[in-house]
Every structure is written in C-alpha cells, then in structure tokens.
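Since the structure is predicted, the reported quantities are computational estimates derived from the model, not experimental observations. Just the heavy atoms: all of them, side chains too, but no hydrogens, waters or symmetry mates, feed the values below.
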Amino acid sequence: MDLSSPESKTYVLKKPVDGDRTTRLSREYAQELNPQQLAAVEVVDGPALVIAGAGSGKTRALVYRVARLIDLGIDPRAILLLTFTRKAAQEMLGRVGLLIGIQSEHVAGGTFHSTANLLLRRYGRSIGLEPGFTILDRGDSEDLVNLLRAQFGLHETGKRFPRKRTIVEMFSKCANTCQNLETVMLNEYEHFGDYLGVLTTLQEAYEAAKRQRQLVDYDDLLVRLRELLTVDEQARQLISNTYRYLLVDEYQDTNRLQADVIRKLAATHDNVMVVGDDSQSIYAFRGATIRNIMEFPTFFPGTTIYKLEENYRSTPAILQVANSIIEEATEKYSKTLFTQKLDGPRPSLIQAMSENAQSRFVAQKILELREEGTPLRDIAVLFRSSFHAFDLEIELSRRDIPFIKRGGFKFIETAHVKDLLAHLRIVHNPLDAVSWNRTLLLVEGVGQKKSKDLIELMINSQSPIETLRSVGGRPSQGLRNLATMLELVSSYDTASPAEQISQVLEYYLPILKDQYDDYPKRIRDLEHLSIMADRYAELGNFLADLTLEPPDQSMEDREASERNDERLILSTIHSAKGLEWRCVFLLWLVDGRFPSSYSFVTDEDLEEERRLLYVAVTRAKQELYLTYPINVYDKMTGSVLSKPSRFLETVPSSFMETWNLVEEEDLYA
C-alpha cells in the first residue's frame, strides 16, 4: 500500500494536556535546587502550600515549578500564574523561558486584576457586563462619588463630611475585606460615625450608577469576577477547566476577596499551589489577612505543606535573632531559617540617651562604614512609622549625607508640616512672601488673587498685622483670627520654639481637621515637631536646621546632584519588604513605638507588629544595628523612661552585642 498517495489521510497526534509523566526531563532539577525546593517543584497534582522563609529562594521555586510542569508535557496554556505586579509575572515567565524555551510564552501570567479583566470581557455578559465596559481609575471613581454627593445634597452635610478620596477608600476596604460599611467605619473611620446612614445611601447609589452605565472600578474587577464564578455555572466550569494548574505568589498578602476568587477558579480541580510566608504577613492595613495562608488547608482539604528554610541572604548570627523573634508568635507554621553562609558579627543593640543621640549614632556609624568601604547604597535605615525618622533626616542633612526616603514623605515635604512651619517663618521674618502666601490660602475665602493683593499691602505696610485686621468681606473673620495668633506668638520674647509651636498648633488644629480626613495621624506628626523643637532655644536656629534648601529647590534635586547620586536608603519596613542591604539600622525599638501603642488593643494587631520586626531583621545580609532611646518625650506626660521593645525580651542576650553610647566630653572628663 502506498502511504504517500494523494488520497492518504493525515491524523495529527496532539500533545496530551495533562502531560506524559514518563517524558525525559530536559533539566537536572535535583542538581539545580536544594532538597526543600525540589520537593515543592516536583508537585504536579493536588493542593500545595509552600511556606517560603525570608531569603529562601521563593521565586526560584515558582519559576522551576512552572518550567517542570511544561517539561512534563502539560500544555502551558493550562497554567495560570497570579502575582501582585505585572513586572513580577513578566520576570518570572522570562526566567521560565530561559529554562524551558519559547513554550513559556503560552503560560497565562499576570496580576489578579488583569486576569479578572480578561475573563470578564470574555464571559461577563451573564452578569450584565458587556465586553466594552469601562474601567474607572481612582480619580474617575472619586469624580463619580462627588457627582452623586451633589445630587443627594450631601456636600452640604457639614464641614467634616469625608472628602471624595476618603469615601472611595472606605468603599474599597469594604470590597477587599468582604465587610459591610458599618464594620469598616467602626474599625478605621470612627470619627465619621455620625454619617454612617448617608454614606450607606451613597454607597448604594455608587454601585447602582456603575452597573447602569457599564462602569467597573479597580476593586469591581475582582468583585464582579467572583460574582461571575458564583452565579454562572457554565462559565465557572469552562474557566476552571481552562486553567488546570494555578500558582499564586505572595499568598500571605492576599485579602478575603482574592482567596474567594482562587477557590472558585479551582472549582473542577484542586491543582493550586500558593507560595508565601505567614511570618511576613504585614499588610492588614491594605486589607490583606494572615487568615488566608493559615486556613488554606481548610479551603483545600488534602493540602501538602512544603517549607523552604535555607536562607541565602543573611548570616547565621542575624538568623538567630530573627528565629528567636518569630518563635514567640502565637499562630504560625513552625520553621527555622538556616544558612550555609559563614558567620558574621553579632547584631548590635544600641542604647541611646535620647532620640537625638540615636540619630547622631546612626549618622556617625554610617560615615564610618562608608570610610571602611561600604557604599551608601548598601546601607538602609528602617523604621516602623515615617515620623520615626524625622530627627534623623535633620542629622543626616547636617552631616551632608545624601539619602532617599521610601514610604511616606520626607518630613519637611508633608503638607501639614509645611503649613505649620509657614506660620512660624512669618513670625521669624514678616517679609517672607512665600510663607505668607501658604498661610493666607488656608483662610476661608482667600484665593490666589486675594492672597497676592494682601501680600503686596502687607509688605508695604509698617504693621502687617493691622493690615490683616482691616480687611473686610468674606475672609475678614479668618484674617482677624490669623492676626491675633501671629501677634500673640510674636509677643512671646522669651518663649521657646516648642512653646511657639504649641500656640500656632492651637490655631491651626481646626484648619487641619477641615483640610485632611486623616487628621489624627497628622496631629501626631505636628506633636513630634514640637518635641524636636524642644532642644532649641531660638526659633531662627530651629528653622535654619529644619529648612536646608531654598523653597524652590526640592530635596530630590539636591540629593541627585551630590556624590554621583550615591544615596543612603531610609525606608518604612512596609516599603522594604522583599529588599536587602549589607547593613541595616532599625530605629526606635521602644515599647509604644515598636510595637506601636495602637497595636495594644487586639492580639491580632500585636502579632502583626511582631511579624513586621521579623521582616525588618531579615533585610540585613551582614550587619544589623537595633537602636532605641532611653528618654522619650511624651506630649502629655513630658520626658519618660522608655522600655525596649517587648519583642526583644525572648532573644537570648548572647545573640546580640549591647552598646552604651557615651558622649566624648563625658568620656574624657
């Protein structure tokens, strides 16, 4: 029989979707991975939870697992990799391509929201979503809320009614935590509790308007996907059968909504591998919950748990401290980080007499490290809250050490601090037109043109205060109040800068509450400014130290022009997650600051503070310095003796060196 005949029929043998498990693999996985990584990578079917300790090669395990699935013959189009950023997905799949070739291009990889967008446009008609629906960005959402506020007359409710940005934040928290508005407001926006009824009405109108106009906001992408997977059985079966292998990165950072979506995506199978570290769950303020990773075996019965404990980042001495801190966690997956690296110096616990002594130590030690050959870019100073670094920022600038700050604004760049300083600068220099403009614009009824006209009058007047008092019209009362405050503060010839700040703050507080919905946090910043001013005897010296460049030159411009752009890193711990440095300084390890006093209310909050410290400690590769001041100034009680963080109590003293700072003149005396 002639098989080459034109009448011969061709039949194509397709590659099996579930793979030929007997296929010879293209890589020697056992030689490229450590035993713990290999065990996780070799998983094919069934639910798997990979607890990946800090610096343990989590991304490597994910990349190799995707590569091995393809290597086994599984259709790459059946694999869905979910990450928190598009960049992370692209980098991982790029690394898969280097291992396995161009087949990796067919893997579905992206963020939760980008995947939801794709699926809703394809299957959303069953829940009333046309493929051409519009996605609102945050600004669009705020504008829609503002439009509805006006329609309901809610803009006339009162001065303290939350602004559109805050309202959208409330609605977003409801979606991501799967909680109602009353619960969210009780926990985080109690100061707006009087408006619960009208805000509930506004929320209902907002949801109705979006559905009526085919609009979807960022959170709706997941809310509507969950709705689709819940009410449309056919779509749920089809989507789940399409993506037969799910992988989720940073699972400890997922919220309840995301966990629900993952459970429904796996409706026809349980081939879900999530990778994360319960000890690094630190984003509850964004809606993330540690419950997801702790309860994963409940959501997916039969889960196999794998642990990655070999650390490739830190020295054994640093890991000893990290393990001791997290060992006391009340709820966790037990693990002990270890490393093959050679030992390094023990972490140092530094006791300073005051906040300023703490700042001087950090600055001096950084200069010594730089002289010894450690570049500034390999050094980081970490802190629990942005205001913990305010005093250090001044000290670094005084010593000409360039830095970049991540997580929150630099102290003197925050709007409320600029507002308060503007009033003080006028007291110090009545001809400061820039400060006059900022101050006048805070007065109700004063716009740019009115401010410009008033400044010209006052600059040419022998008594600017009396000029303010003589102005009539709508802003007259506000200008008289400003004049009274400035006159009072200026008349205190013997007052300290801290006392002058207190007087200005008393005037500014109602303005602050009117201008900012998050005013409770901003008040703490301004109280800290007063504490910093307490060691100055003269207002001019305080302002000179605080303001280190002209008003028209930003800190960023000044830093970039110095020392070939080599900068020290200042960062909140939340912004430092996933990063590493050779030397790490950790500030303010004082009970009430770290852990924060606000975390004392619930055990859950306190445990998140413990995990936050664990994250901070595990950022260090070679050297770790933990600092705390003995004397802490409290606005209500004055100077009090501090207590080192309770999280250090269970760390054996042999794990750390204890340093006491001594003033040079005291030593020689």
Locate the shortest heavy-atom distance separating [X] from [Y]; write the atom from each residue and the value.
X	Y	answer
Ala89	Gly109	CB-C, 4.1 Å
Ala67	Ile100	O-CD1, 3.6 Å
Pro297	Thr303	CA-OG1, 3.7 Å

State whether [X] and [Y] are salt-bridged, where the test is any N-O pair (Lys NZ or Arg NE/NH1/NH2 against Asp/Glu carboxylate O) under 4.0 Å.
X	Y	value
Glu609	Arg384	yes
Arg286	Asp253	no
Glu623	Arg346	no
Glu393	Lys405	yes
Glu607	Lys332	no
Arg360	Glu663	yes
Glu395	Arg398	yes
Arg86	Glu91	no

Between [atom1] of [X] and [atom2] of [Y], what distance do you get to the nearest 0.5 Å?
X	Y	atom1	atom2	value
Glu566	Asp378	CD	CG	8.5 Å
Leu369	Gln622	CG	CD	12.0 Å
Tyr283	His574	OH	NE2	6.5 Å
Leu570	Ile379	CG	CD1	11.0 Å
Phe296	Tyr251	CZ	OH	6.0 Å
Asp278	Lys335	CG	NZ	4.5 Å

Given 3.5 Å as the limit, does a donor-acceptor pair link the side chain of [X] with the main chain of [Y], or not?
X	Y	result
Ser56	Gly53	yes
Thr339	Asn311	yes
Asn292	Thr254	yes
Arg65	Val44	yes
Ser571	Ile573	no
Glu250	Val275	no
Tyr333	Ile293	yes
Gln37	Ala61	no
Ser114	Thr111	yes
Glu310	Phe338	no

Would you say that [X] contacts [Y] through its side chain, given a criterion of any heavy-atom pair below 4.5 Å between the two side chains?
X	Y	value
Glu657	Leu349	no
Thr289	Arg256	yes
Glu328	Phe647	no
Leu589	Thr627	no
Leu626	Met656	yes
Leu49	Tyr306	no

Less than 3.5 Å apart, which donor and acceptor atoms pair up between the side chains of residues 611-620 and the rest of the protein, not counting sequence neighbours?
{"unit_1": "Arg611", "atom_1": "NE", "unit_2": "Ser281", "atom_2": "O", "d": "2.7"}
{"unit_1": "Arg611", "atom_1": "NH2", "unit_2": "Ser281", "atom_2": "O", "d": "3.2"}
{"unit_1": "Thr618", "atom_1": "OG1", "unit_2": "Tyr614", "atom_2": "O", "d": "2.9"}
{"unit_1": "Thr618", "atom_1": "OG1", "unit_2": "Val615", "atom_2": "O", "d": "3.1"}
{"unit_1": "Arg619", "atom_1": "NE", "unit_2": "Val615", "atom_2": "O", "d": "2.7"}
{"unit_1": "Arg619", "atom_1": "NH1", "unit_2": "Leu579", "atom_2": "O", "d": "3.1"}
{"unit_1": "Arg619", "atom_1": "NH2", "unit_2": "Gln280", "atom_2": "OE1", "d": "3.4"}

- Task: Please identify each residue that fulfils side-chain hydrogen bond (donor to acceptor under 3.5 Å, both in side chains) with Tyr218, with sequence neighbours left out.
- Result: His113
- Message: Less than 6.0 angstrom separating the ring centers of Phe594 and His388, yes or no?
- Response: no
- Query: What about the rings of Phe112 and Phe84, do their centers lie closer together than 6.0 Å?
  - Reply: yes
- Message: For Asp603, I'd like to know if atom CG has over 12 heavy atoms of other residues, nucleotides or ligands within 6.0 Å.
- Response: no
- Task: Check the surroundings of atom CG in Leu98: do more than 12 heavy atoms from other residues, nucleotides or ligands lie under 6.0 Å from it?
- Result: yes
- Item | side chain to side chain donor-acceptor pair (under 3.5 Å) between Ser575 and Thr572, intermediate numbers included | CA-CA 5 Å; Ser575 297; Thr572 61; 3.1 Å; yes
- Task: Any chance you could lay out the side-chain contact (heavy atoms from CB on, under 4.5 Å) test for Tyr312 and Asn34, step after step, and finish with the verdict?
- Result: CA-CA 11 Å; Tyr312 293 92; Asn34 69 41; 2.8 Å; yes
- Query: Do Arg646 and Tyr628 meet the cation-pi criteria used here (NZ or CZ under 6.0 Å from the six-membered ring centre, within 45° of the axis)?
  - Reply: no
- Message: Between Lys621 and Trp581, does the side-chain contact (heavy atoms from CB on, under 4.5 Å) criterion hold? Intermediate values first, please.
- Response: CA-CA 6 Å; Lys621 295 160 65 175; Trp581 294 272; 5.7 Å; no
- Task: With side chain to side chain donor-acceptor pair (under 3.5 Å) as the test, would you mind laying out the steps for Gln252 and Asp277 before giving the verdict?
- Result: CA-CA 6 Å; Gln252 79 281 345; Asp277 183 4; over 6 Å; no
